[in-house]
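Written out below as structure tokens is the structure these notes cover.
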Amino acid sequence: MKACAPKDHLHFPNEVQLQEAREAAFAQTMDLVFERHPFYRERLANLKLKRADFRTLADLQRLPLTTKAEYMATPQRFVLENEGLPLEMQTVWDTMYTTGSTSGRPTPFVSTSYDFFNILELQRNMLLLRGVTQQDTIANLFPITPTPHGAWIRVLHAAASLNVPVISAMPGNPSPYFHLGNGLDQVVHLIGNSAATILWGVPSYIQRLVMRAIELKQRWPAVRLVFVTGEALPETARSQMQQALEQVGAKAARISISYGATEMQGGMVECAPGAGLHNPLPTQMLVDVVDAQTGQSLPDGHSGAVVLTHLNRRGTLLLRYALGDFSVRTQVPCPHCGVVTDRLVQTPRRVDAMVKVKGMLIHPEAILTSLDQQLGATPYLLSVRSVAPDQPLSGDRLVLQVEGPRDPERATLLTDQVKQACGVTPEVHFEATGALATSASGWKAKKFVDLRAAH
Ligand SMILES: [Zn+2]
């Protein structure tokens, strides 16, 4: 079936084929897990579960959820022991890193050559679902980072998988040992000169680029797709980006959202706006939605924790891994593209732990949702800081920094908004344009940080 499919056409199995392929992959994965997976082998022994207890995929629910904290504590124990396997399954092709937790330590995710071949297939499916053709040219707008991550490098691999050209604009200089980065204006000109048809990066940076392109009177009529990942893109920001794109002549450009994770080595993508986020490789990756308390799978249409299971990996392998977001799943064939796969039909929401500020428990995500509505694409950063950073028992400050000219009226409005969302009064500061650009250590613009020493 696969061998006959043209390379530039999307080819997904039907419902029956998908079920069969998943069961076969699951059986093989459980053989490997019992024999070669240090973390799960121990967990299964503790639970007194045997290989025979996992006859079909439905039995996967016997296994409790794996948390990010468990994976981050001992990432090497999630890599299969590969002695005796074929060369492709033994050789480490690359190691990517998660963007880190609140502790800031990135976690390695190991892929063998075998895994990398499958990642190419996943990336190709992502492009095809998003409507990329072999006439397209991609502008890679992710920065190089101090630790390799799956954004910058996988764009190159995605382009390779479909034999399309890619221009890496190399924005910024994220390390004192790296000297090849380009400034904003250089990147704007690179895009113009390349006649790229696809812009691919984080939304806050793309918005900054398009705004600068307008100032520089650039025309980008060739741009027809904008792939955004890594940060939420609220509706207000999406329409602002759409308007800005129109001003550079990219009138018909479509903004395509994805839900990516290092643990997927890619992301779930939309085939059309509002069509839901599609799992791009359903025979090898299972996306489930479960009750966060009990860990049991929920029927489609119910909101719960998003859980990822790898069905065909030889490096890092995760089963029932909670990605830390809430959403709603459906497996109904997509009404737009017809593909049968897991689709998340609600924008995944991060379930951050509550944070204590000035003695009050606050939910940062709720404040950010409220600020997103007010500020749209304007860059901002909400932070908790110590009044006196060198004193362990010093009080807390909630600080909201917003790019833009000083505006007392706006400051009052924003102060009220934050107070209403969490009960704590923030200090509001206005910063110069670009002051809150993506920090050197990461590639996503964080909107909330806890800067207190004890955290
Ligand atoms: Zn679709």
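For ligands, and for the atoms within them, numbers begin at 1 and follow the listed sequence.
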E403/R208 ion pair, N-O < 4.0 Å: yes
R130/D136 ion pair, N-O < 4.0 Å: no
Cut-off under 2.8 Å, centre the Zn ion (ligand 1), protein N/O/S atoms: C271 SG, H278 NE2, C334 SG, C337 SG
F116 and W93 aromatic ring geometry - parallel, tilted or perpendicular at 30°/60° bounds: parallel
E70 with R43: basic N within carboxylate O range, under 4.0 Å: yes
Under-4.0 Å salt bridge between R22 and D342: yes
Closest non-hydrogen atom pair between I119 and S111, with its separation: CD1-OG, 3.5 Å
